[in-house]
Structures are given as structure tokens and as C-alpha cells.
Amino acid sequence: MIIWLRRHPLALWVPLQALLYCWKLALLSPWGDEAGTLLMVRGPLGTLVRWAAEDVHPPLYYSLLYCWQRLPIGFDFAVQARLLSVAFALAGTVALDRLWGARLAERTRWLLLALWTLSPCLMLYARMCRSYTLQALCSIVAVAMLVRVAEEARRRDIVWLTMALLAAMYSHYVAGIALVGMTNLVLLRRGNWRPLLMVEGGLAIGYLPWIGTLASSLTAWGSNGRSYSLTGSRVLEVPVKFGYWCMSFVMGEAVPDWVLVAGILLLPLVAIAAWRGARGAGAVAWIALGLSAIGFFGVARWVSYPFVPARMLFVLPLFLLLVVRGSNSRLGRVAIAGMLLLSVSGIACYFNKVGFRNKEYPVPIGEIAGRILRESGAADSLVLVDNANSDPIAMLYALHPRRSLLQTGLPGTGDAVARALEDPRIRTVWFLSNTRDITGLNGKFQAMLGARMSERVHSYEAYSGLERWVMGPSAPVYFQELVEYRR
């Protein structure tokens, strides 16, 4: 039995991964992007695809999710949607082992599956109804087929490469463009003109229906304004984004302060292991480097630092592959052991909702909405959300369809709140706000409401000691507040 299991590691790792990823799948409330997707997927498919295009997303994942949500499985709506992402992650595990792990030595193969399956970064994003694990699956297949085509251009591999690239392009622009770009570079460098023309021809035909939307999305990317910045500087924000990405890949994003410090000390050893693994990896190393560079450039231009790792998840399998390939030395073994310990810590912290660095993920929006619904009525209350710093879409999803809400940054909200204060029927105003306001609007609404009503504050997601030290002496204690104003 043990000998058979050593030769067939998927028999252990796939069930373990399924258990981890499906356990308490409703633990975290749907956050902004998830909640928006869940709201839109209830409507017609055409409306969903148009909404995705306007949100700079191609249609494959949303079309699959639309069909998946119509299956009579009987789960909670959000849980069923998240199960699709888990399914893509499990398919990625099988593909990673069959296409990459099976070519490695037994020990290295097991280490690769252990790091991948227990990765707290992968687990975090596999338990969201987003396209991240679909992108990772496309990347695993596409890079494996690219290496095969570069070595021996068999027709079957060329077809699989083209299909994987098309799937990536229809899943997410960054992953798709990075994979297509590296395919062109690798095949051009080797002079593989015939397979290159076949791949390009297949891509041209297969992507023709969406090429106009891609062009408008690239225009939107180029004109994207400044997103939330921790440092206030585009230049200084780059190392912040890179560092957050590294932290997420190595130790996850649910990291207590002391674990974060230990993980930072481990990072150089992991980097050395990856570098040593890259030295003998040939084309794989260059592909991984190229994908990372193209992807990070595209992602860092578009999103703020907490959302970089999710959009770069398609690089994670290659990163782990290089790390395990470089784990034969003493330092490499220490790096692998440290990463596994950090993974166990990250999984435990996730399920206990401890140490999340992106506080938006664990905010109990469902619990907050439940309090609002229990303690006030639709006719005698008003819900106000700080839309610049909080998550109005998540709150809208949690309250839908029983309540509506107002958003601080939208025109007319101030007048609506003023009218509510003059209306004797309105006994309660609920104000969900971030304790760090970048707009200055929160104080105005709090002064307006506080002058006419008594207030009670419910606080959520405490900052850690390290986070408060970084933010300075005036740092708030909590990330989010629900202020209950009553007459």
C-alpha cells in the first residue's frame, strides 16, 4: 500500500486538498468583487457578460459560473459558486502532477504537491468565486505544452497549447497576454516558425469574437487612474506591491506578527532555492521569469497592493516548481521545511480568522447585515456605507433584496441623509465606515448624524501591534466600524 501510494501521490493529496478547500466554505462573507459577481450571475447571461466586459474581464469564467449556478446542487448560492473555483484548483493539482510532477524524482514530486496543496495563498483564492484558479490551471497546461512544443513540435501538443492559451485569454487578460507573449518569445528564439504560425493562426481565429473588447480593455488599462496607495507614491508603491506578493506566495495572507517576522527571515532562503532550481530548469526558468515580469507590470499598473497576489496566482505553480528543484542543498531543505510550517500556520490562521493582512476579506459582512436586519425595520431605518474605504457591494449583497443602502461618495447622499433626519419615521441610521478615511466625508456624515442622534459603535477586525506601529501614533485600533445612530 505504501509503495503504491508513493507512486500515486494524488491519491493522498487530492482528497486532502478537497477536504481543506471545501471545509466551512461559507466561513468568510463574500467581499466586493465576489459579491458583485454573485449579484450579476443571478440575471441573464448576456447582461453578465456585458457587465464583465465593462469591468475589464473576458467572458469564460463568468459563462461557466452562470451555467454552474443553474445546476440543482442545493448548496447556498455563494458556497456553490465557490465550489467551482475549488474544482479548478483540484484540476490544477492533477495537471501539475501529471504534466510536471511525474517527470521529477519521487521526493521532489511529493514536495511539489505538498507545497501546492498546502499553500495558504492558493487556498485563500481557491475559496472565492473568482477566476484565479482557472487562470492557474490554464498556466500549468500552457507552459507544459509550450516546453513540449519547443522541444518537439508535435501536432497534438500544438493544439493543446493553442487551446490553453485561448482559455487563458478568455479567462483573464493579464495571464493570457503574459502566456501568449512568452509563447511567441520562446518559439521565435528557437526558430520554431511552423508551430508558431499554427498557434498564432489558432489564436487569431479563436479570439476574433472578443478582439474588439480586448482593445477597449487595453485602452482602459492604459488610462487607469491612481488606485489606493499605501505610500502615496507610484514609485515607492512598487516595492510594497512586490513585497506583499512575495509574502502571500511564501506564507499566505493570514499571518500574525511573529510569523510574519519569521517568514521575512526565511524569504532569502526561499529565493536562493528558487534561483538554484532555475539554474538547471532551462526554458522553464525563463518562462517563469518572463511571466512574472509581464504579469507584475500589468497587475501593478491596475490594482493596489492587497490585490496583486490574486492576479499573479497563475505564476505560483512555476514558482513552487523552481523552489522544489532547488531544494537538494541544506539551505534548500530548510527553505522547504520553513515554507511547510508557514503553510500550516497560514491554514490554521485562515480558519480561525486571525492575522489577515487584507482586512477586507474577514470582515463579517453577513453578521453585520444580520444585526441590521434584526434590530431595525425597512421602514424606520437607513443604511449608509462609506464607499471609498469600505465595501458597499458586499453589504448590498448581504442585505439584498430586503434593504437598500446609500453610499457616502455618490451625489445626493448628503441630501438623502438630511431628509431622513427630518423624517420622524426614521428611528435608526446604520453607518458602516472604515476607521481610516481617505476622502474626509466620514467625519461630515458622523457630525451630521451625531448632532441629532445618540450613537453606539460596533468595531470589527482589530489591527495588530505591528500594523499600528507602521501606521503611527494616531493609528486606529480597528479596521471597520458599524455606527448605530438612534433617536
Side-chain angles (χ1 to χ4, degrees), residues 13 16-17 20-21 27-28 89 93 96 111-128 132-133 136 230 239-275 277 288 292 295-296 299 304-327 331-362 461-467 469-470:
W13 290 111
L16 176 60
Q17 187 179 36
L20 278 175
Y21 289 17
L27 179 68
L28 303 183
T93 303
L96 183 65
L111 287 177
L112 175 62
L113 286 172
L115 288 177
W116 169 261
T117 303
L118 300 177
S119 167
C121 175
L122 177 63
M123 189 185 76
L124 171 66
Y125 294 114
R127 291 167 58 92
M128 297 179 181
Y132 309 132
T133 51
L230 185 68
V240 172
K241 294 178 179 181
F242 182 79
Y244 196 85
W245 173 29
C246 293
M247 178 199 74
S248 181
F249 270 26
V250 172
M251 62 190 91
E253 297 179 38
V255 191
D257 289 348
W258 69 271
V259 176
L260 178 61
V261 173
I264 291 173
L265 296 177
L266 184 70
L267 282 176
L269 299 184
V270 175
I272 292 172
W275 177 72
S292 299
F296 184 72
V299 169
S304 53
Y305 76 92
F307 307 108
V308 170
R311 275 80 176 171
M312 294 298 296
L313 196 69
F314 69 96
V315 180
L316 179 64
L318 295 177
F319 166 71
L320 296 179
L321 178 63
L322 295 181
V323 170
V324 298
R325 285 178 60 94
S327 64
L331 290 179
R333 289 190 289 272
V334 172
I336 294 291
M339 285 186 68
L340 289 173
L341 288 173
L342 289 171
S343 295
V344 172
S345 169
I347 292 170
C349 289
Y350 175 95
F351 284 108
N352 287 283
K353 297 201 287 187
V354 173
F356 274 81
R357 296 298 155 175
N358 185 346
K359 305 295 183 187
E360 190 171 320
Y361 293 150
E461 294 307 313
Y463 284 109
S464 71
L466 179 61
E467 288 167 335
W469 177 78
V470 171

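This is a predicted model, so every value here is computed, not measured.
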What is the distance from atom [atom1] of [X] to atom [atom2] of [Y], rounded to the nearest 0.5 Å?
{"X": "S304", "Y": "N358", "atom1": "OG", "atom2": "CG", "value": "8.0 Å"}
{"X": "W13", "Y": "L113", "atom1": "CH2", "atom2": "CG", "value": "7.5 Å"}
{"X": "C246", "Y": "I264", "atom1": "SG", "atom2": "CD1", "value": "11.0 Å"}
{"X": "I272", "Y": "L267", "atom1": "CD1", "atom2": "CG", "value": "11.0 Å"}
{"X": "Y350", "Y": "L27", "atom1": "OH", "atom2": "CG", "value": "5.5 Å"}

Of all the heavy-atom pairs spanning [X] and [Y], show the shortest one and how long it is.
{"X": "Q17", "Y": "L122", "value": "NE2-CD2, 3.9 Å"}
{"X": "V354", "Y": "P256", "value": "CG1-CG, 4.5 Å"}
{"X": "A348", "Y": "N352", "value": "O-ND2, 2.7 Å"}
{"X": "L118", "Y": "I347", "value": "O-CD1, 3.6 Å"}
{"X": "P309", "Y": "P306", "value": "CD-O, 3.8 Å"}
{"X": "A254", "Y": "C349", "value": "O-CB, 3.4 Å"}

Counterpart residues, side chain to side chain donor-acceptor pair (under 3.5 Å), relative to W116 (two or more places apart):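 Residues passing side chain to side chain donor-acceptor pair (under 3.5 Å) with W116: T93.
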Do [X] and [Y] have side chains that approach each other closer than 4.5 Å (heavy atoms only, starting at C-beta)?
{"X": "L320", "Y": "M339", "answer": "yes"}
{"X": "S292", "Y": "W245", "answer": "yes"}
{"X": "L28", "Y": "F356", "answer": "yes"}
{"X": "P362", "Y": "E461", "answer": "yes"}

Check against side chain to side chain contact (heavy atoms under 4.5 Å, CB included), Y361 and L124: CA-CA 10 Å; Y361 293 150; L124 171 66; 4.1 Å; yes
Chi angles and distances behind the side chain to side chain contact (heavy atoms under 4.5 Å, CB included) call for L466, W258: CA-CA 9 Å; L466 179 61; W258 69 271; over 6 Å; no
Pairing residues for Y21 by the ring pair (Phe, Tyr, Trp, His ring centres under 6.0 Å) criterion, not counting sequence neighbours: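 So Y21 forms no ring pair (Phe, Tyr, Trp, His ring centres under 6.0 Å) with any residue.
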Ring pair (Phe, Tyr, Trp, His ring centres under 6.0 Å) involving Y244 - partner list, sequence neighbours excluded: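 Ring pair (Phe, Tyr, Trp, His ring centres under 6.0 Å) check on Y244 returns Y305.
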Those residues that, when tested against R127, pass salt bridge (charged side-chain N to carboxylate O under 4.0 Å, His left out) (two or more places apart):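 For R127 there are no salt bridge (charged side-chain N to carboxylate O under 4.0 Å, His left out) partners, ignoring immediate neighbours.
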I336: side chain to side chain contact (heavy atoms under 4.5 Å, CB included) partners, not counting sequence neighbours: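 With neighbours one apart ignored, the set is L111, L115, V323, V324, S327, L340.
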Residue pairs involving residues 310-325 (criterion salt bridge (charged side-chain N to carboxylate O under 4.0 Å, His left out); sequence neighbours excluded):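 Every pair satisfying salt bridge (charged side-chain N to carboxylate O under 4.0 Å, His left out) with a residue in residues 310-325: D33-R311.
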Salt bridge (charged side-chain N to carboxylate O under 4.0 Å, His left out) pairs, two or more places apart, involving residues 253-264: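 Qualifying pairs: D257-R357.
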Pairwise side chain to side chain donor-acceptor pair (under 3.5 Å) hits with a residue in residues 331-340, at least two apart: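 For residues 331-340: none.
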Side chain to side chain contact (heavy atoms under 4.5 Å, CB included) between F249 and L316, intermediate numbers included: CA-CA 7 Å; F249 270 26; L316 179 64; 3.8 Å; yes
Whether over 12 other heavy atoms sit under 6.0 Å from F242 CZ: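 Open.
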